[in-house]
Amino acid sequence: MLGKAWGWLAARLGGRRPGRLRFSVHRHPTYPSFWRPSDESERTPRLEIQIYLEASNMTNEPRWLAAAAFEGMPSTATVIIGVRDAGTGKFAPKNPLPPQRIAVVSLLFLIDGESRSADEPFHVTLLLTDDHGERHDTKVILH
């Protein structure tokens, strides 16, 4: 009830309407998100980014994640998307975000190019596209 009221109020005041899918970086220690420069022995410098998200599907139908990217970062990224199955605990791209439920999503990016300094926090906007073509974004800060 409070969520509907907040959505109505935000829409009336010109705020952003809450999406059908909502994402936030997962904070439980079981799912540690991280970023790190690639191994020095590799020929091509890379950045490895592992992000675990808590995803809320507010619709009455299952949704699949079709694509993920970082705003303003090169499109040469390799992305592996997996949604955790509640029954088996395994991550797989064929698993949907269940309707009216919360699920854990795993994203792995390998980005070619110069790595950032490991001493600085990693700030980025994550752009996700679902199987209906709807785009969703969330801010990510990794330390």
Practice problem: Verify side-chain contact (heavy atoms from CB on, under 4.5 Å) between I49 and V124, making sure each step is shown before the conclusion. | Solution: CA-CA 11 Å; I49 305 162; V124 71; over 6 Å; no

Quiz item: By salt bridge (Lys or Arg N to Asp or Glu O under 4.0 Å), which residues pair with E48, not counting sequence neighbours?
Solution: R36

Quiz item: R63: what forms a salt bridge (Lys or Arg N to Asp or Glu O under 4.0 Å) with it, not counting sequence neighbours?
Solution: E61, D130, E134

Quiz item: So, Q100 side chain and T59 main chain: donor-acceptor pair closer than 3.5 Å or not?
Solution: yes

Quiz item: Can you find a pair of side-chain heavy atoms, one from S24 and one from R22, that are under 4.5 Å apart?
Solution: no

Exercise. Check whether any side-chain heavy atom of Q50 sits under 4.5 Å from a side-chain heavy atom of S106, and report yes or no.
Key: yes

Looking at [X] and [Y], what are the two nearest heavy atoms and their distance?
{"X": "N60", "Y": "P99", "value": "C-CB, 3.5 Å"}
{"X": "S56", "Y": "I102", "value": "OG-CG1, 3.6 Å"}
{"X": "A66", "Y": "I81", "value": "C-CD1, 4.4 Å"}

Quiz item: Taking only residues two or more places apart in sequence or in another chain, which ones pass ring pair (Phe, Tyr, Trp, His ring centres under 6.0 Å) with F91?
Solution: Y52

Straight-line distance of [X] [atom1] to [Y] [atom2], nearest 0.5 Å:
{"X": "W64", "Y": "H132", "atom1": "CH2", "atom2": "NE2", "value": "8.0 Å"}
{"X": "F70", "Y": "D137", "atom1": "CZ", "atom2": "CG", "value": "13.0 Å"}
{"X": "L21", "Y": "T138", "atom1": "CG", "atom2": "OG1", "value": "12.0 Å"}
{"X": "M58", "Y": "R20", "atom1": "CE", "atom2": "CZ", "value": "12.0 Å"}

Starting from [Y], can I reach [X] by hopping between I/L/V/M/F/W/Y residues whose side chains sit under 4.5 Å apart?
{"X": "V104", "Y": "L107", "answer": "no"}
{"X": "L128", "Y": "V25", "answer": "yes"}
{"X": "V105", "Y": "L142", "answer": "yes"}
{"X": "I51", "Y": "M73", "answer": "yes"}

Quick one: side-chain contact (heavy atoms from CB on, under 4.5 Å) partners of [X], sequence neighbours excluded?
{"X": "E71", "result": "T125, L127"}
{"X": "A86", "result": "none"}
{"X": "A103", "result": "V83, L97, P98"}

Practice problem: Take L53 and L126, measure what side-chain contact (heavy atoms from CB on, under 4.5 Å) needs, and give me the verdict at the end. | Solution: CA-CA 11 Å; L53 297 175; L126 179 62; 3.7 Å; yes

